[in-house]
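Notes for the one structure printed next.
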Amino acid sequence: MRRIAVVGAGQAGLQLALGLQADGYEVTLVAERTPEQVRGGRVLSTQAMFGPALRIEAAAGLDLWADRAPAVSSVEAVLAAPPAVRALEFTMTLDEPAQSVDQRLKLAGWLELLAERGARVEYRSLDREGLYELARRHELTVVAAGRGGPDGIFARDPDRSPFDRPQRVLSCLYAHGVGSPDPAAAPRARMHALPGLGELYLQPALTLSGPCSILLWEALPGSPLDVFGDAPAPDVQLARIRALLGEYLPWEAELWTQAESTDAGAGLFGAVTPTVRRTVAELGSGVDAVHVLGLGDTVVVNDPVTGQGANSAARAAEAYRQAVVEHGDAPYTADWMCRTAERFWQQHARHTVEFTTAMLTMPDHLQGVFAAAAEHEEVARRLANTYAEPSDHAAWLATPELTAAYLASVGAPR
């Protein structure tokens with residue numbers, strides 16, 4: 001039985017470990033926190049997952065909360081320009097429902113499931129030396145332990161990294177009691193664009209205490225929405241949210257009069273520099289050198305403006321699992337690692353980077369797509385499903401010419 005180590009207990013690492021264990025591999029997972037510590041900690045992300053990623057989880061038997069998490073089939077989009085004015089609005093319909101499960105709930109459950117199924121789970125932190133010793137004891141070591149891995153062993157790839165600094169400052173809150181603009185309708189996500197200020201996303205989700213709403217501010221650095229840099233406690237964060245909504249999105253403010261944070265760890269703050277890293281790292285030297293393979297946001301991290309993080313992690317974990325199985329008994333060389341990672345980059349990851357970059361910078365032709373979506377349901381639907389399948393960005397959003405040709409084909413203004 002081949003021995004494989006996975007470092008990191010996020011979406012990518014846990015899904016890969018569970019998949020390989022089910023395939024008959026001897027798996028060791030190294031996690032920094034126990035299930036109890038994960039459940040009792042701060043929220044980790046917003047993790048709206050679209051149809052392709054949810055199908056991967058379902059096929060692996062890992063969709064343990066599918067019957068409890070709200071199924072979201074559409075997104076209400078509003079352009080608020082100037083602030084407090086609904087200048088443009090439309091509905092984007094997804095071909096397959098999306099869902100969001102608090103990663104504290106999901107990852108803790110998956111950790112327990114992995115141990116129950118017989119994998120070895122080690123709860124500890126790893127530095128470069130610890131990772132080297134782990135890799136020497138296993139035939140393959142995959143690192144899915146956050147941006148850059150232990151001690152930043154995965155170097156930034158300047159040719160594929162679109163930015164050298166954060167493009168948004170983030171503030172997330174999980175809340176109960178948020179109202180709906182149409183209580184009789186099925187759950188919907190809501191997206192608001194505030195030109196020159198940032199974006200606001202609202203996502204129905206499932207948390208430790210049941211259904212909830214997740215609010216995510218994507219503030220341009222230094223803008224009036226960038227007021228959470230001190231990482232306030234949830235009650236202070238909620239008060240600031242209400243103030244911002246009242247000033248910039250008053251129709252949303254009306255829905256937050258009864259809202260309260262879900263728990264003491266309901267708030268999350270920070271900023272992400274979108275970065276692509278080299279996917280293979282060498283540890284040691286000479287005949288004692290070993291190589292490790294990066295996975296998920298260890299090597300590709302996007303701003304959450306397009307919701308690609310957990311989706312790309314799920315798809316990367318499945319791509320790597322399939323590559324391991326297809327490789328059979330052959331050695332896991334550095335060349336094989338590079339080819340495996342490059343194949344996933346070409347098939348999927350590069351599209352998430354390009355799509356997210358476009359949404360952060362909003363070129364003129366993309367602004368025209370939003371205007372056309374308000375008039376043509378077909379355009380709105382295709383835009384929604386590009387979030388679910390970002391490779392479609394290359395087919396109609398990548399250049400002004402592609403966009404103009406598509407809009408002309410559906411009779412939309414250009």
Side-chain angles (χ1 to χ4, degrees), residues 46 48 72 74-94 98 166-173 175 178-183 185 187-205 213-229 237-259 269 271 303-307 355-377 379-381 383-384 386-387 397 412-413:
T46 53
V72 177
S74 62
V75 181
E76 295 296 322
V78 175
L79 175 68
V85 175
R86 299 170 74 110
L88 190 72
E89 52 190 298
F90 55 92
T91 298
M92 301 190 296
T93 303
L94 293 161
Q167 300 301 294
R168 299 290 190 273
V169 181
L170 311 174
S171 172
C172 167
L173 182 70
V178 179
S180 168
D182 185 358
R188 292 178 175 177
R190 305 196 292 281
M191 176 178 74
H192 298 81
L194 296 91
L197 300 173
E199 299 84 22
L200 171 66
Y201 296 88
L202 290 138
Q203 172 73 35
S213 297
I214 301 175
L215 174 147
L216 173 65
W217 287 110
E218 290 255 345
L220 269 69
S223 77
L225 304 184
D226 182 8
V227 295
F228 301 97
Q237 183 185 9
L238 181 56
R240 293 181 192 174
I241 287 171
R242 286 193 174 111
L244 289 175
L245 292 176
E247 182 174 358
Y248 295 102
L249 304 168
W251 54 91
E252 281 291 343
E254 297 172 2
L255 305 176
W256 279 72
T257 57
Q258 302 300 315
F269 312 92
D303 185 283
V305 71
T306 56
F355 180 45
T356 303
T357 299
M359 286 297 179
L360 287 170
T361 57
M362 198 57 66
D364 290 345
H365 71 281
L366 194 54
Q367 295 179 39
V369 168
F370 280 84
E375 300 293 333
H376 294 262
E377 188 276 336
V379 178
R381 190 176 194 113
L383 181 60
T386 303
Y387 286 80
L397 294 176

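For the single chain, residues carry numbers from 1 onward in sequence order.
L170 contributes atom CG, which lies 5.5 Å from atom CG of D303 (distance to the nearest 0.5 angstrom). Atom CZ of residue F228 and atom SG of residue C172 lie 11.0 Å apart, to the nearest 0.5 angstrom. With rounding to the nearest 0.5 angstrom, the CD1 atom of I241 is 4.5 Å from the CG atom of L215. With values rounded to the nearest 0.5 angstrom, L220 atom CG is found 7.5 Å from L197 atom CG. Interatomic distance, E377 CD to F90 CZ, rounded to the nearest 0.5 Å: 11.5 Å. Atom CG of L202 is separated from atom OG1 of T46 by 11.5 Å, given to the nearest 0.5 angstrom.
For the salt bridge (charged side-chain N to carboxylate O under 4.0 Å, His left out) test, no residue two or more places apart in sequence or in another chain qualifies with E247.
In this structure, S223 and A219 approach most closely via the heavy-atom pair OG-CB, 4.0 Å. The two residues V369 and L397 make their nearest non-hydrogen contact at CG2-CD2, 3.7 Å. For the residue pair A384 and T93, the shortest heavy atom distance occurs at CB-O, 3.6 Å. Considering every non-hydrogen atom in both Y248 and P83, the closest pair reads CD2-CB, 3.3 Å. Among all heavy-atom pairs drawn from P221 and P166, the shortest one is CG-O, 4.2 Å. Q203 approaches A48 most closely through the heavy-atom pair OE1-CB, 3.7 Å.
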Take F370 and L383 through the side chain to side chain contact (heavy atoms under 4.5 Å, CB included) test and state the conclusion after the steps.
CA-CA 9 Å; F370 280 84; L383 181 60; 3.9 Å; yes
Cut-off 3.5 Å, no hydrogens considered: what does the side-chain donor-acceptor table look like for residues 355-364, sequence neighbours left out?
from : atom 1 : to   : atom 2 : distance (Å)
T356 : OG1    : T306 : OG1    : 2.7
T356 : OG1    : T352 : O      : 2.7
T357 : OG1    : V353 : O      : 2.7
T361 : OG1    : T357 : O      : 2.8

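Under the side chain to side chain donor-acceptor pair (under 3.5 Å) criterion, the residue pairs touching residues 75-84 are E76-T91, E76-R188, with sequence neighbours excluded.
Looking at R168, its side chain never comes within 3.5 Å of a backbone N or O of V305 through a donor-acceptor pair. With hydrogens and angles ignored, the 3.5 Å screen pairs a side-chain donor or acceptor of R242 with a backbone N or O of W256.
Each of M191, E218, H192 was compared with E199 under the side chain to side chain contact (heavy atoms under 4.5 Å, CB included) criterion, and only E218 meets it.
Counting heavy atoms from C-beta on, the side chains of R240 and S171 never come closer than 4.5 Å. Side chains of L79 and P195 form a contact here, defined as non-hydrogen atoms less than 4.5 Å apart. A 4.5 Å side-chain heavy-atom check between L225 and L200 finds every atom pair outside the cut-off.
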